Amino acid sequence: MSEVQWNRMTAAQLRDLAAQDAVVLLPVGSTEQHGPHLPTGVDDLLAAEVSRRAAHLAAEHTRVVVTPSVWAGLAEHHIAFGGTFSLSLSTYHALLRDICRSVLRAGFSRIMIVNGHGGNMTALNALTNELTAELATPIVFASYFSAGRDVVRDTLETQNGLMHACEGETSMMMAAFPQLVQEEHLDAAWGPEITLPAESSDPFYMFVPFDRITESGVAGNARVATADKGERMLAGCAAALADVIAGDPWAKTRDR
C-alpha cells in the first residue's frame, strides 16, 4: 500500500506527486471537550483517519496526499468545560490561507479541506470562497460526515446524524482508537439531541455556550455505541469522499 501521509514522505517524493497532479487532502478538526469518556482530539483524529482511508481508496483513480491535520478550530462554545482550544475567525482564515498557499507552492493544484468539526462548517463555507479568490485556485470543502450522511443515518440507532461525543463519534473512536475511549464512563455519556448549526432549519441563529445545552458535555446517547457501527461509518464516509475525489470537482471551475 503506497504511503499517503505528507509528513511521512520526502520532498522528492512530494515533488513527484505534484508532477502527477495528485489531490491534496487537508484534514481540519478541533481540540475540545468531548464528554467524560472521549479525548479532546476526537474531531482532529477522525478527520485525519477518514482522509487517510479515502486517500487509499481513491488511489484506483488518482494519487492523493494527506497533509498533517489542523488540530484547532472554532470551538468557543466548548470553552466553559475546559480542555478546549479555540481560534478566532481571522486567525483560522490566515492559518488555512498559509497552509493552502504552501501546498500550491509545492506544486500541487487540487486541494480539498476535509472537516471533522460541526463548529467549523459555517465558517468554512465562507472561507472556501475567500481562499479560492485569494489564491486564484479552486478550493473544495467537505465535512466527512456530510459526505457520508447516508451511511451515518443508516448505521445509527438513536440519531440521524452526528451530534457531539454521541453514538456516532463514540462508535468511530471505538473502531479507530479504542485505547482512547474510557468505557467506564459511558454510563454518564448522554445528553439532549441537537442539530448542527450549519444543518439547522431554525429561522434564526444565536451563540449558545454548550454548557447551557448539556451538563455532561455530550449531545446524543453514547451508551449504545459499538466498534462495529464505527467501522461501518468510517468506511462509508471514506468511500463517499473517495467518490467526490474521483468526480474531480476542481475541473468544474477550470472549465469555465
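Predicted, not measured: the structure shown is a model, and the values here were computed from it.
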Could you report the tightest heavy-atom contact between [X] and [Y], atom names first, then the distance?
X	Y	result
M163	G220	SD-CA, 3.8 Å
V42	L38	CG2-CB, 3.8 Å
A18	A106	CB-O, 3.6 Å
A75	F85	CB-O, 3.6 Å
T214	F81	O-CZ, 3.2 Å
L234	A175	CD1-CB, 4.0 Å

CA sep, side-chain torsions, deciding dist, call: D150, R153, side chain to side chain contact (heavy atoms under 4.5 Å, CB included): CA-CA 5 Å; D150 290 347; R153 181 196 61 228; 3.2 Å; yes

Quick check on the hydrophobic clustering: are [X] and [Y] connected, directly or via other members, by side-chain heavy-atom contacts under 4.5 Å?
X	Y	value
F141	L89	yes
V70	Y144	no
V114	V152	yes
W190	M173	no
M233	M121	yes

Side chain to side chain contact (heavy atoms under 4.5 Å, CB included) between L124 and L96, intermediate numbers included: CA-CA 10 Å; L124 284 171; L96 293 177; 3.6 Å; yes

Tell me if the [atom1] atom of [X] is crowded by more than 12 foreign heavy atoms within 6.0 Å.
X	atom1	answer
E215	CD	no
E193	CD	no
E184	CD	yes

Contact check, side chains of [X] and [Y], non-hydrogen atoms, under 4.5 Å:
X	Y	answer
Y205	T122	no
H34	D43	yes
D154	R232	yes
T84	T40	no
F210	Q33	yes
V28	H117	no
V218	P36	yes
W250	M112	yes

Can a donor-acceptor pair be found, under 3.5 Å and without considering hydrogens, that links the side chain of [X] to the backbone of [Y]?
X	Y	value
N120	L74	yes
E49	A176	no
T31	W71	yes
S171	A225	no
E199	L196	no
E3	Q5	yes

Working for side chain to side chain contact (heavy atoms under 4.5 Å, CB included), residues T137 and I111: CA-CA 9 Å; T137 302; I111 301 173; 5.7 Å; no

Among L25, L14, V103, the one residue meeting side chain to side chain contact (heavy atoms under 4.5 Å, CB included) with V65: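 Per the side chain to side chain contact (heavy atoms under 4.5 Å, CB included) rule, the option paired with V65 is L14, out of L25, L14, V103.
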
Among V140, L127, I139, side chain to side chain contact (heavy atoms under 4.5 Å, CB included) partner for T132: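 Exactly one option meets the side chain to side chain contact (heavy atoms under 4.5 Å, CB included) with T132, and it is I139.
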
S146, S30, S143 screened by side-chain hydrogen bond (donor to acceptor under 3.5 Å, both in side chains) with N115, the one that passes: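 Single side-chain hydrogen bond (donor to acceptor under 3.5 Å, both in side chains) partner of N115 among S146, S30, S143: S143.
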
Rounded to the nearest 0.5 Å, what separates atom [atom1] in [X] from atom [atom2] in [Y]?
X	Y	atom1	atom2	result
L180	M174	CG	CE	12.0 Å
H37	E169	NE2	CD	8.5 Å
L162	L156	CG	CG	7.0 Å
H93	L131	NE2	CG	5.0 Å
L57	L241	CG	CG	9.5 Å
C237	F145	SG	CZ	9.0 Å

Note: R101-E134 ion pair, threshold 4.0 Å (strictly below):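 Judged by the 4.0 Å cut-off on N to carboxylate O distance, R101 and E134 do not form a salt bridge.
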
Worked verdict on E157 versus K229 for salt bridge (charged side-chain N to carboxylate O under 4.0 Å, His left out): CA-CA 10 Å; E157 294 180 65; K229 293 177 188 175; 2.4 Å; yes

Mutual orientation of the aromatic rings belonging to H164 and H78 [parallel < 30°, tilted 30-60°, perpendicular > 60°]: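 Because their plane-to-plane angle is under 30°, the rings of H164 and H78 count as parallel.
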
Geometric class of the F108/W6 ring pair [parallel <30°, tilted 30-60°, perpendicular >60°]: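 Ring orientation of W6 relative to F108: tilted.
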
Worked verdict on L17 versus M9 for side chain to side chain contact (heavy atoms under 4.5 Å, CB included): CA-CA 10 Å; L17 286 167; M9 295 187 222; 3.5 Å; yes

